[in-house]
Amino acid sequence: MSSASAVSTKPLILVDGSSYLFRAFHALPPLTNSKGEATGAMHGVLNMLDKLRKDYQPEQMAVVFDAPGKTFRDDLYPAYKANRPSMPDELRQQIQPLLAMIKAQGYPLLIIEGVEADDVIGTLAKEYAGRVIISTSDKDMAQLVDERVHLINTMSNHYLDPAGVNAKFGVAPERIRDYLALMGDAVDNVPGVDKVGPKTAVKWLQDYDSLSNIMEHAAEFKGKVGENLRAALAHLPLSYELVTIKSDLALPIEPEGLTFSPPDLEALRELYTRYEFRSRLNALDKLALPPANTQVTNLELKELPSSLSLNLSSTPESSPQPVSERQYQTILTQTELDQWLQRIQQAGEFAVDTETTSLNYMNAQIVGISFALQAGEAAYLPLAHDYLGAPVQLNREAVLAQLKPLLEDEHLGKIGQNLKYDRNVLLNHGICLAGIKQDTMLESYVLDSTASRHDFDTLCAQHLQHTTIHFEDIAGKGKHQLSFNQVALEQATPYAAEDADYTLRLHHYFWPQLQALDGQRLLYQQIELPLVPILSDMERKGVKVDALMLAKQSRELEQRMNELVEQSYQVAGQVFNLASPKQIQEIFFEKLGLPVLRKTPKGQPSTAEDVLEELAELGHELPALILEHRGLSKLKSTYTDRLPEQINARTGRVHTSYHQAVAATGRLSSTEPNLQNIPIRTPAGRRIRQAFIAEQGCQLLAADYSQIELRIMAHLSGDQSLLAAFAHGLDVHRATAAEVFGISLEAVTPDQRRAAKAINFGLIYGMSAFGLARQLNVDRREAQAYVDLYFARYPGVKAYMENTREQARAQGYVETLFGRRLFLPDIKARQAATRQYAERTAINAPMQGSAADIIKKAMIAVDRWLRANQLKTSMILQVHDELVFEVPLDELAQVQAKIPELMMHAVSLSVPLLVETGVGDNWDEAH
DNA sequence: TATTTCACG
DNA sequence: GACGTACGTGAAATAC
């Protein structure tokens, strides 16, 4: 690495700090700290700098501010900027601390006397052209744009290259100065031509090309503006000079002046504390290792969700122990095994973990099992390590036969991490794990569903400050990764035994917290834990998929896609990749000259679906072709091509994985494959459901809750009108329309019903008038009128929404019907967008989460009933508000009568729950 | 690896 | 001159 590598390809970002300072001050609400000192502009500028650094990850940057005092322009023209109102005190007071913060963060800060920030940027832009991006909200800077210097407005996300300048202003970047001089600038007191604004300036420049040419032909301009032009001739050169940004200054700036310095953490802590920048202090604390025990940190604790502060204040018994205090035994003899099993029996419960050949639960074979009885005391029982020179191990089949009664003993409690997996794997060996008493993954999930992950390594690191041995550490990674049977016992034992040991410690850590919270404990014990074996059975049962039918659909899709490709090539006049946004951009916006409706944050013209749809509506052929192609390509690659590959060779069925600790709201999720997003909305998509079929002699039964989230809203809000609508079995969208529009049910038009439906959905999502307006394609005021009308008619709903937000603010979390908590740390965020996002989540989570609770309870009830009656019907799929069963023909009548019954009465609400069922040979028919 | 797009409730 | 805008997921493809 030599210093000659100064020629970097990474961008140099030049930030017009002064322009953002003003914009942020005026655009943001007047935030203050508790002492009443204004802080809004500081927040705005710092956030903007963070965003730039994150988006571009530049190696070099310059944050440029105006220096106080006169500049050459004042000498040139004493009246320059004389019209500017003097800076408000609230803004002036923010400047010094802001500059100090920027500097302490390590940003290269430039403040050069005698010149304006613009000129510093202009000069640097020229010097480093080729990799310069200027970040500014000042339109005058557009004059600096060329092929090698681009502009980004970080507040509005508008990106300007030469074409962008042309599109935005109507003149090329080289003519921006002419344009500005003609218009003048009232605020900066730059004189222009009277009565000439942007429209006239553009028109003149289009006709006469340049300012100098306009001045030469000034005599030709007619009317009043012509006179004004001639009157302005004398001062136009001065105006031109005033608006011209200098790019040839001799600046005392070395390249080193443009690189980041390490942040001065102490200074930052002091500044952030002084101005009460809490989220920044938080971020600072995360950086600092170990977390500093300053007063500030303690202060922060009060703001954390209760579960978190509980974690921090209670010292778990199983605090980290040095390795020497752990005793991990490798069980290689029958005597050793017998001793352990005896102790397990006596203990009544134990932590257990299986090691296997594969993560795929259908194919995995057991390689070994580990046990733990108390913290630090664990054993690994290797059964199938088969690397060259592996020690002789106990016979797997014999040991499993000996273990079977223990593992299947419902009264011998098992403690594990994600025991669903262990249950699935043990079933591969004919053992049905019972007595699933504690699952640390679910304990963690119930205590805080918003934690990013609930896997073993993360939980140990986060709660026990213990770094576990990672699988990759002992098995390697990539394609050379060993399967566990190939791992040497010397390494396998500490790894496997640690799993059981620390699972137990995690349980010791979580359990007191759960016991302190009745709601969470019941949710965990009565819903989440009982669901584990049910999900395990659903996964292992799988669903039959007709591979031949999907293959046929793939061929048909391919044919149609080929036609679309051919047509597209003709329209575009060239060959290109229809799946590449980049190539589409080139052809759309450069070759065919379609209008750029929107740009991505990185400044590229967007080719997102809505943009394409809009273009298609404008009558352009190519966007429509590409949209259809995209849709079909998705169906083919994700479903018709991929699903057949995922059919298990042994069972001929597809086995998904349900994840019980992923979705923050309490829903399940499904992966490999995701069977919760099989198409249904389009005819082509729907055909895929025809490939989900019933076994010979069976039918599929689909049972789904009708409008469960709206019903929950009615229940939670207690709104009389809404409750009545459901009690009378009305079409709820029609009833809403009748109420909102003040007409009879019969008089509701399809459009009114559609609007009412959008409002109802919007309510569930915590809508804004803006969102509703976009959904309905009406203007904001009209949407707001609908919302107001709705809330007038359904005052209970309005009160509920307000209470929910208030509760979220007061408690820091919201709850579902069954006490599932969802923490919302952002509910008090200073940044409005962040805070509003949390508010919408607060509205949505109780409804989505209660629906999740209810269907989980229903699954437990249905499973219990099927077992009690020894039926052969299997529950095979769950899709949030729908359950799918594979039913032998002779059970069909009984099952179809009883299952909706069980689902409807899974809970008792103040509204009836409605369940609709369908039966068919395939999933499509069953709907 | 991150982003964009699109499938579902 | 003006924050960003409906909730929750997972998978595939392309761009970086």
Side-chain angles (χ1 to χ4, degrees), chain A residues 19-20 22-29 31 40 43-44 47-48 57 137-139 153 155-157 187 449 577-584 600-602 604 606-612 627 630-639 641-642 656-657 659 662-682 685 688-689 704-705 707-709 758-775 780 783 822 829-849 851-852 855 878-882:
Chain A
S19 83
Y20 285 117
F22 283 94
R23 292 285 178 280
F25 178 72
H26 292 291
L28 296 173
L31 303 175
H43 279 294
N47 287 339
M48 196 262 314
Q57 316 225 320
S137 55
D138 181 353
K139 64 179 182 339
N153 181 334
M155 288 187 102
S156 66
N157 252 334
V187 178
S449 65
N577 179 359
L578 271 73
S580 163
K582 203 176 169 188
Q583 295 183 29
I584 292 177
T600 65
K602 291 248 163 100
Q604 299 303 309
S606 171
T607 58
E609 195 199 10
D610 53 333
V611 174
L612 257 52
L627 275 174
R630 267 192 195 167
L632 299 184
S633 158
K634 174 84 179 180
L635 292 181
K636 183 166 184 289
S637 62
T638 312
Y639 302 106
D641 282 354
R642 196 67 222 287
T656 184
S657 291
H659 299 276
V662 170
T665 52
R667 275 190 178 180
L668 299 179
S669 79
S670 157
T671 63
E672 287 182 295
N674 180 354
L675 295 186
Q676 292 181 320
N677 73 344
I678 304 300
I680 193 168
R681 290 171 188 172
T682 63
I688 292 167
R689 293 200 170 211
D704 61 279
Y705 283 107
Q707 273 139 5
I708 188 166
E709 292 183 3
I759 295 176
N760 281 332
F761 270 100
L763 286 163
I764 293 171
Y765 296 149
M767 72 177 164
S768 60
F770 179 95
L772 182 65
R774 203 174 54 173
Q775 191 67 36
R780 243 181 102 138
L822 191 126
R830 296 297 179 86
Q831 214 186 329
T834 311
R835 186 178 61 247
Q836 285 159 3
Y837 182 67
E839 285 176 358
R840 292 195 294 273
T841 310
I843 297 292
N844 175 257
M847 294 186 262
Q848 192 182 120
I855 198 166
Q878 192 255 40
V879 194
H880 310 309
D881 64 357
E882 173 186 6

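Since we're looking at a predicted model, the values are computed, not measured. Below, chains carry the letters A, B, ... as their sequence lines are ordered, and counting in each starts from 1.
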Rounded to whole angstrom units, what separation is found between the [atom1] atom of [X] and the [atom2] atom of [N]?
| X | N | atom1 | atom2 | answer |
| --- | --- | --- | --- | --- |
| A:K636 | B:dC6 | NZ | P | 18 Å |
| A:L578 | B:dC6 | CG | P | 13 Å |
| A:D881 | B:dC8 | CG | C1' | 10 Å |
| A:M847 | B:dG9 | CE | P | 19 Å |
| A:E839 | C:dC3 | CD | P | 18 Å |
| A:L763 | C:dT5 | CG | P | 20 Å |
| A:L635 | B:dA7 | CG | C1' | 8 Å |
| A:F770 | C:dC7 | CZ | C1' | 17 Å |

| request: Determine the minimum heavy-atom distance between A:S449 and A:A664, stating which atoms define it. | output: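 Closest approach of A:S449 to A:A664, heavy atoms only: OG-O, 2.7 Å.
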| query | Given the C1' atoms of B:dC8 and C:dC3, what is the spacing between them in whole Å? | reply |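 One C1' to the other, the span is 31 Å.
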| task | Determine the interatomic distance between P on C:dT5 and the same-named atom on B:dT4; round to the nearest Å. | result |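 Comparing P positions in C:dT5 and B:dT4 gives a spacing of 13 Å.
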| request: Check if the side chain of A:R681 and the base of B:dG9 share a donor-acceptor pair of N or O atoms closer than 3.5 Å. | output: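 Per atom types, the contact qualifies.
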| Less than 3.5 Å between a donor and an acceptor, one on the side chain of A:Q836 and one on the base of C:dG4, is that the case here? |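 Per atom types, the contact qualifies.
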Min side-chain heavy-atom separation [X]-[Y] under 4.5 Å:
| X | Y | answer |
| --- | --- | --- |
| A:K634 | A:R630 | no |
| A:R840 | A:M767 | no |
| A:D881 | A:Q707 | no |
| A:R830 | A:N47 | no |

| Is there a donor-acceptor contact under 3.5 Å linking the side chains of A:T671 and A:S657? |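 The answer is no; no qualifying pair exists.
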Is the backbone of [Y] close enough, under 3.5 Å, to the side chain of [X] for a donor and an acceptor to pair up by distance?
| X | Y | result |
| --- | --- | --- |
| A:S670 | A:L675 | yes |
| A:R667 | A:Q848 | no |
| A:T656 | A:P673 | yes |

| Distance in Å, A:I759 CD1 paired with A:Q775 CD, rounded so as to fall on 0.5 Å steps |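 With rounding to 0.5 Å, CD1 (A:I759) is 11.5 Å from CD (A:Q775).
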Heavy atoms under 4.0 Å, any strand shown: does [X] hit a base, just sugar-phosphate, or nothing?
| X | result |
| --- | --- |
| A:R835 | nothing |
| A:I678 | sugar-phosphate |
| A:G766 | nothing |
| A:A852 | nothing |

| request: Would you please enumerate the stems DNA chain C participates in, each stem being three or more consecutive Watson-Crick or G-U wobble pairs with both distances under 3.5 Å? | output: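 Output for stems: B:1-9 with C:7-15.
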| said: Using the side-chain heavy atoms of A:R774, tell me which of these nucleotides is nearest: C:dC3, C:dA6, B:dG9. | reply: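 Side chain of A:R774 sits closest to C:dA6.
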| field | Letter per nucleotide, 5' to 3', of nucleotides 8-15 of chain C [B base touched, S only sugar-phosphate touched, - untouched; heavy atoms, 4.0 Å] | value | BSBBSSSS
